[in-house]
Amino acid sequence: MPHITFLFPGQGSQKIGMGRDFYENSSLAKELFEAASDRLKIDFTKLLFEENERINETAYTQPAIMLVSLTALKLLQSQINITPQFALGHSLGEFGAVASVGALDSIDAIELVHYRGKFMSEAAKDADGGMMVVMGLSDEEVEQICAKARDEGKKVWPANYNSDGQIVVAGLKADLISLEGVFKEAGAKRALLLNMSVASHCPLMEPARKPLQEYLQQFLQDSFAAPVISNVTAAPYNTKNGAIELLSRQLVEPVRYKQSIQNIENDTDIFIEFGEGSVLKGLNRRITKKPTMSVNSMKSLEEALEAIKK
């Protein structure tokens with residue numbers, strides 16, 4: 001069997017209708033939806049399959065994405081006994097990675113990220129934060145522009161190292177808007193404010209750290225079947241204490257997704273992304289030559305199973 005790394009997407013991949021193919025064609029998927037709905041007192045079929053505004057509220061977006069990702073994972077695992085070489089997520093997705101190696105129960109993980117979303121929303125009330133994607137500049141150029149802006153009293157930080165030439169910056173919305181022209185003058189092909197009200201992965205999220213740590217202590221198990229790659233360090237961890245520290249630090253430090261993939265690509269034959277869309281597959285095309293498959297439908301599930309069994 002090839003060496004496989006599991007991947008889990010983060011916030012931004014949500015859309016109405018995600019997970020429907022799984023739900024309508026699998027009793028296992030229906031059981032997971034019902035269990036999550038019972039635990040969180042949220043009707044996930046309404047949240048995911050009917051037009052509503054809550055799907056874009058972070059306290060609901062996060063468990064919705066986690067439910068669909070873990071449903072895709074469970075469907076694969078029901079067909080084949082598989083332990084990954086590594087597990088890795090982008091932001092929110094790191095919680096799915098931890099669940100995929102047995103250190104979090106699936107329904108616990110869905111509840112945990114619901115609380116994470118609440119804590120992040122509460123932290124965001126203290127500041128009008130946002131995030132901006134910057135295309136076409138090097139990591140160093142973006143870091144230097146942000147550092148200079150902070151020296152001038154602005155609150156902006158690199159937040160997501162997605163791929164060469166693509167970085168997301170987080171901070172106060174007004175400060176981000178003030179830098180749009182600066183990025184473009186430096187040669188950025190694009191500097192676009194994202195439709196987000198939360199400034200993730202920067203010091204503005206500090207108020208969310210302690211309450212999240214308390215829930216991590218409650219839900220996490222010291223039982224890792226494989227290492228998880230930390231967003232913060234781009235290095236593996238496999239203990240409960242490590243997870244508590246790194247998953248809470250992740251709120252206030254940047255996601256080093258590009259570096260994480262680069263650090264493990266030589267030990268990986270296939271990357272498999274679980275959940276809606278194929279955002280990470282798209283990023284991986286710009287980072288590694290190793291293939292990435294996305295499991296987001298029953299058809300793509302069968303394709304992934306065939307690739308694994310080759």
Side-chain angles (χ1 to χ4, degrees), residues 1-2 4-52 54-55 60-84 87-90 92-114 219 225-226 270-281 291-310:
M1 186 178 290
I4 294 166
T5 291
F6 289 170
L7 301 177
F8 296 85
Q11 201 161 324
S13 61
Q14 73 275 6
K15 71 173 186 178
I16 298 297
M18 67 178 184
R20 185 189 290 273
D21 190 33
F22 294 144
Y23 182 83
E24 292 181 346
N25 292 286
S26 165
S27 59
L28 175 58
K30 284 183 179 176
E31 289 169 10
L32 283 167
F33 271 66
E34 289 167 5
S37 297
D38 289 344
R39 173 77 74 86
L40 276 68
K41 307 303 182 216
I42 296 170
D43 187 333
F44 278 99
T45 57
K46 286 186 176 181
L47 181 66
L48 290 170
F49 305 152
E50 298 178 12
E51 289 296 332
N52 68 91
R54 274 187 160 182
I55 188 69
Y60 295 92
T61 307
Q62 295 197 31
I65 290 171
M66 189 60 53
L67 171 58
V68 174
S69 289
L70 294 180
T71 297
L73 171 70
K74 291 291 185 184
L75 289 173
L76 182 82
Q77 290 177 327
S78 71
Q79 298 290 320
I80 189 169
N81 183 17
I82 180 172
T83 300
L88 167 64
H90 190 293
L92 161 71
E94 190 171 344
F95 290 76
V98 172
S100 77
V101 298
L104 260 178
D105 172 78
S106 294
I107 304 302
D108 286 350
I110 295 164
E111 183 176 7
L112 177 59
V113 299
H114 177 53
F219 284 119
I270 302 172
F271 293 94
I272 299 182
E273 176 182 7
F274 296 94
E276 181 56 36
S278 53
V279 173
L280 301 184
K281 181 178 180 178
T292 302
M293 308 194 73
S294 297
V295 178
N296 49 36
S297 65
M298 297 303 287
K299 181 181 178 182
S300 60
L301 171 65
E302 292 303 319
E303 291 170 352
L305 285 167
E306 289 176 14
I308 293 168
K309 291 173 181 176
K310 281 183 179 178

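The structure presented is a predicted model; accordingly, all values stated were derived computationally and were not measured.
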(request) In sequence, state the C-alpha distance, the side-chain angles, and the governing distance for I16 and E51, and then conclude on side chain to side chain contact (heavy atoms under 4.5 Å, CB included). (result) CA-CA 7 Å; I16 298 297; E51 289 296 332; 4.0 Å; yes
(request) Would you sort out whether I308 and I272 count as a side chain to side chain contact (heavy atoms under 4.5 Å, CB included), showing the intermediate values? (result) CA-CA 10 Å; I308 293 168; I272 299 182; 3.6 Å; yes
(message) Looking at S294 and E273, would you say the former's side chain and the latter's main chain have a donor-acceptor pair under 3.5 Å?
(response) no
(message) Under the rule for ring-ring contact (aromatic ring centres under 6.0 Å, His included), what residues qualify as partners of F6, not counting sequence neighbours?
(response) F274
(message) Which heavy atom of G275 sits nearest to which heavy atom of S69, and what is that distance?
(response) CA-OG, 3.6 Å
(request) Check V295 against A304 and note the closest heavy-atom contact, atom names and distance. (result) CG2-CB, 3.7 Å
(request) Please report the shortest heavy-atom distance between I55 and A64, naming the atom on each side. (result) CD1-CB, 4.1 Å
(message) Using side-chain heavy atoms (C-beta onward) and a distance below 4.5 Å, is L92 in contact with M66?
(response) yes
Would you mind writing out the side-chain donor-acceptor pairs for residues 97-112 within the sub-3.5 Å range, not counting sequence neighbours?
residue	atom	partner	partner atom	Å
S100	OG	A97	O	2.7
D105	OD2	I107	N	3.0
D105	OD2	D108	N	3.1
D108	OD1	R39	NH1	2.9
D108	OD1	R39	NH2	3.2
E111	OE1	R39	NH1	2.6
E111	OE2	Y115	OH	3.3

(message) Restricting to non-hydrogen atoms, name the atom on M1 and the atom on I82 that form the minimum distance, rounded to 0.1 Å.
(response) SD-CG1, 4.2 Å
(request) Start with the C-alpha distance between M298 and F22, add both sets of side-chain angles, then the distance that settles side chain to side chain contact (heavy atoms under 4.5 Å, CB included), and finish with yes or no. (result) CA-CA 6 Å; M298 297 303 287; F22 294 144; 3.6 Å; yes
(message) Under a 3.5 Å distance rule, please check whether T5 uses its side chain to pair with a backbone N or O of A87 as donor and acceptor.
(response) no
(request) Please identify each residue that fulfils side-chain hydrogen bond (donor to acceptor under 3.5 Å, both in side chains) with T83, with sequence neighbours left out. (result) none
(request) Quick one: do F49 and Y23 satisfy ring-ring contact (aromatic ring centres under 6.0 Å, His included)? Show the steps, please. (result) CA-CA 10 Å; F49 305 152; Y23 182 83; 5.5 Å; yes
(message) With a 3.5 Å distance limit and no angle check, can you tell me whether S26 reaches the backbone of A29 through a side-chain donor-acceptor pair?
(response) yes
(message) How long is the straight-line distance from CG of L280 back to CZ of F8, given to the nearest 0.5 Å?
(response) 10.5 Å
(request) Would you give the length of the straight line joining atom CG of L32 to atom OG1 of T71, rounded to the nearest 0.5 angstrom? (result) 4.5 Å
(message) Give me each pair satisfying salt bridge (charged side-chain N to carboxylate O under 4.0 Å, His left out) with a member in residues 24-38, each pair once, sequence neighbours excluded.
(response) R20-E24
(request) Check the pair L67, L48 against side chain to side chain contact (heavy atoms under 4.5 Å, CB included), reporting the backbone distance first and the verdict last. (result) CA-CA 10 Å; L67 171 58; L48 290 170; 4.2 Å; yes
(request) Could I get the full list of side-chain hydrogen bond (donor to acceptor under 3.5 Å, both in side chains) partners for Y60, not counting sequence neighbours? (result) R54
(message) With heavy-atom distances below 4.5 Å as the criterion, would you say the side chains of I42 and H114 are in contact?
(response) yes
Show me, pair by pair, the donor-acceptor contacts under 3.5 angstrom made by side chains of residues 73-81, not counting sequence neighbours?
residue	atom	partner	partner atom	Å
S78	OG	L75	O	2.7

(message) Can you give me the closest heavy-atom contact between V68 and E276, atom names plus distance?
(response) CG1-N, 4.1 Å
(message) Tell me if a side-chain donor or acceptor on Q14 pairs with a main-chain N or O of G12 at a distance below 3.5 Å.
(response) yes
